[in-house]
Structure formats: C-alpha cells, structure tokens
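What you see below is based on every heavy atom in this structure, not just the backbone, and it leaves out hydrogens, waters and symmetry mates.
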Amino acid sequence: MNRSPVLPAVEEKPVYVNRMFARIAPTYDLMNRLMTGGQDQRWRREMLDYCNLPPRGTLLDVGAGTGDIAYTALQRHPTLRAVGSDFTYEMMAAGVGKIPGVFLPFVQADTYALPFADNSFDAVVSGFLVRNVVDRVAAFREMARVTKPGGRVVCLETTPPSNSILGPLFRLYFFQIVPLIGSIVSGDRQAYAYLPHSTVEFPPPAELARMMEQAGLQHVFYVERMMKAVAIHVGVKLL
C-alpha cells in the first residue's frame with residue numbers, strides 16, 4: 001500500500017513529529033477534549049485502573065505530552081511517584097504546573113532510550129504515542145525494560161477506522177471534521193490531517209497485542225472503546 005501523501009517518510013518521521021507537536025503544544029489539551037467529546041479523560045482513568053498500582057507505587061508516562069495521564073494518576077493516588085517523559089520539549093513545558101498543587105517532574109527522552117534503570121516502575125503507560133514511533137516493538141521493549149517484574153505496560157491508542165456500518169461516519173469525522181477543527185483551534189490544519197492518517201496506517205488491536213508479546217510482555221489483552229475507535233492494551237512483565 002502506498003504511503004499517504006500526508007504522512008512523512010519513515011526516515012523523516014522523528015523530526016516531523018517533534019516539530020508538529022512543538023507547534024500544537026499550546027492547544028493540544030483543548031483539541032483532545034474537543035476531538036473526543038471529553039472521553040479521553042475517561043479513557044485515561046480506565047488506563048490507570050489497569051495499572052494495578054500498589055500503595056506508594058511508581059509510574060512512568062512515556063510520550064507524556066503535557067502529562068495528562070500522570071497528573072490524573074497523582075490526583076487519584078497522592079502517595080504515587082510519577083514521572084512524565086517526552087521527546088518534545090514544548091509539550092512538556094506546556095504541562096509544567098498545569099494542575100495547581102500537584103508536582104510532576106518531566107524528563108526529555110527518546111522512547112527507544114529511556115534514561116531510567118531496569119525494573120524502575122510499577123507501571124509504564126503511554127497515550128497516543130505508539131502510532132508516532134517507527135519501531136513499535138522496540139518502543140514496547142524499552143517500556144518493558146524499565147517496568148518492574150510483575151508490573152504492567154498500558155497503552156491507549158486510536159484504532160484504524162472499521163469496515164462496519166459506522167466506518168464511513170468515522171472516516172468523515174477523522175478526515176474532514178478533525179482537520180477543520182484543528183485549523184480553527186490551533187491554526188495548524190496539517191497537524192490534524194496527519195493524526196487521522198496515522199490512525200489509518202496503524203495496526204489493528206490484535207496486531208498491536210502481538211507486538212507487545214514480541215517485546216516480551218505476557219498476558220496481553222485489550223479492550224475497545226468509543227465504538228471500537230480506541231483501544232487500551234495491557235501487558236505484564238513477568239521476568
């Protein structure tokens with residue numbers, strides 16, 4: 001299948017994605033709420049339920065952006081120690097101090113080379129990150145490396161538009177309405193044309209689950225939400 005003209009070539013993707021997220025950082029949270037009707041916040045809370053965090057546990061939010069998942073975790077678990085990491089400085093800068101009274105440290109890092117020791121975190125989470133990386137198995141393998149034995153890697157992602165009766169409606173929304181909203185809110189139609197196209201070329205949930213298994217995670221399962229438009233994947237590190 002030919003690559004969509006909206007998407008960058010594989011070798012250009014890291015730089016392209018970094019610059020894109022830097023541009024849309026100031027309005028990223030607002031666009032997430034608008035695109036999902038606020039459902040993204042519910043999905044993040046459900047992700048954290050699957051993390052099975054112990055008292056005074058530790059959590060790493062990879063590709064944290066402005067830290068939505070990690071901030072939610074800290075609000076729910078006041079004794080938790082959480083860290084947000086992201087490749088794009090501007091996204092993290094937009095997240096610093098955004099929840100008054102809640103401190104979240106950010107670390108700029110490459111998903112393939114996280115600056116943490118083996119077996120550091122009780123759970124490692126990512127939200128809408130994996131579709132933006134080139135080597136997804138390597139990304140999951142690195143997340144598993146820094147997860148403690150018995151800990152969990154939890155991933156929230158959009159799924160390719162289905163061939164169900166609702167498929168045409170989703171495609172209309174993703175390819176026409178989302179870029180229009182993005183151009184109005186962020187002034188960057190190109191970024192919000194990239195995001196839907198990155199979903200189309202993203203693996204379906206069952207294939208993504210196999211990638212997590214290839215990365216060494218076990219007992220992998222997933223749940224689909226928003227009429228199968230998004231999926232939450234969970235894998236356990238046993239060794």
Side-chain angles (χ1 to χ4, degrees), residues 1-29 31-32 35 40 60-69 84-95 106-115 124-146 153-161 170-171 174-175 178-179 181-183 186-212 214-215 217 229-231 233:
M1 178 169 52
N2 293 330
R3 176 176 59 86
S4 165
V6 174
L7 299 179
V10 170
E11 64 275 12
E12 299 170 352
K13 190 169 184 177
V15 172
Y16 179 94
V17 169
N18 187 36
R19 290 175 176 171
M20 179 191 72
F21 281 112
R23 296 196 309 270
I24 65 176
T27 56
Y28 181 75
D29 287 346
M31 275 299 300
N32 277 344
M35 287 190 299
D40 61 305
L60 173 63
D61 183 0
V62 183
T66 64
D68 263 351
I69 301 173
S85 73
D86 201 281
F87 189 59
T88 304
Y89 171 81
E90 289 83 355
M91 290 292 287
M92 295 183 292
F106 285 92
V107 177
Q108 190 168 18
D110 189 322
T111 303
Y112 303 128
L114 298 171
V124 176
V125 298
S126 65
F128 309 117
L129 161 74
V130 178
R131 63 181 169 172
N132 296 313
V133 302
V134 174
D135 190 337
R136 289 150 187 156
V137 174
F140 283 127
R141 186 178 295 120
E142 181 67 354
M143 292 182 211
R145 179 187 67 80
V146 300
V153 173
V154 184
C155 168
L156 169 65
E157 273 295 350
T158 52
T159 64
F170 280 119
R171 283 188 282 273
F174 279 130
F175 294 116
V178 166
I181 296 173
S183 66
S186 71
D188 197 324
R189 186 182 182 93
Q190 181 183 12
Y192 288 96
Y194 161 84
L195 294 171
H197 280 83
S198 69
T199 297
V200 170
E201 299 200 357
F202 193 66
E207 185 177 342
L208 191 66
R210 286 192 290 272
M211 291 181 177
M212 293 180 75
Q214 291 170 17
L217 295 163
V230 299
H233 284 70

Please tell me if the side chains of [X] and [Y] come closer than 4.5 Å, counting only heavy atoms from C-beta onward.
{"X": "Asp40", "Y": "Met35", "result": "no"}
{"X": "Phe87", "Y": "Leu129", "result": "no"}
{"X": "Glu207", "Y": "Met211", "result": "yes"}

List the atom of [X], the atom of [Y], and the distance in Å for their closest heavy-atom pair.
{"X": "Val153", "Y": "Met212", "result": "O-CE, 3.7 Å"}
{"X": "Phe106", "Y": "Ala64", "result": "CE2-CB, 4.5 Å"}
{"X": "Val62", "Y": "Met143", "result": "CG2-CG, 4.3 Å"}
{"X": "Ser183", "Y": "Arg189", "result": "CB-CB, 3.6 Å"}
{"X": "Met91", "Y": "Thr66", "result": "O-CG2, 3.5 Å"}
{"X": "Pro203", "Y": "Pro160", "result": "O-CD, 3.8 Å"}

For the atom pair [atom1] ([X]) and [atom2] ([Y]), what is the distance rounded to the nearest 0.5 Å?
{"X": "Met20", "Y": "Ser198", "atom1": "CE", "atom2": "OG", "result": "7.5 Å"}
{"X": "Arg23", "Y": "Tyr28", "atom1": "CZ", "atom2": "OH", "result": "14.0 Å"}
{"X": "Gln190", "Y": "Leu195", "atom1": "CD", "atom2": "CG", "result": "10.5 Å"}
{"X": "Gln214", "Y": "Arg136", "atom1": "CD", "atom2": "CZ", "result": "12.5 Å"}
{"X": "Leu156", "Y": "Ile69", "atom1": "CG", "atom2": "CD1", "result": "6.5 Å"}
{"X": "Thr88", "Y": "Arg19", "atom1": "OG1", "atom2": "CZ", "result": "11.5 Å"}

Checklist entry - What orientation do Tyr194 and Tyr16 show, parallel under 30°, tilted 30 to 60°, or perpendicular over 60°? => result tilted
Next on the checklist: Determine whether a donor-acceptor pair (N or O, by modelled atom type, separation under 3.5 Å) exists between the side chain of Ser85 and the backbone of Gln108.
Outcome noted: no
Next on the checklist: Does atom OH (Tyr89) have a neighbourhood of more than 12 heavy atoms from anything else shown, all under 6.0 Å?
Outcome noted: no
Next on the checklist: My understanding is that only residues two or more places apart in sequence, or in another chain, count here; which of them pass side chain to side chain contact (heavy atoms under 4.5 Å, CB included) with Thr158?
Outcome noted: Phe128, Arg131, Thr199, Val230
Next on the checklist: Does Asp110 form a side chain to side chain contact (heavy atoms under 4.5 Å, CB included) with Glu142? I'd like the steps, not just the answer.
Outcome noted: CA-CA 10 Å; Asp110 189 322; Glu142 181 67 354; over 6 Å; no
Checklist entry - Per the side chain to side chain contact (heavy atoms under 4.5 Å, CB included) rule, which among Val130, Val124, Asp135 passes with Phe140? => result Val130
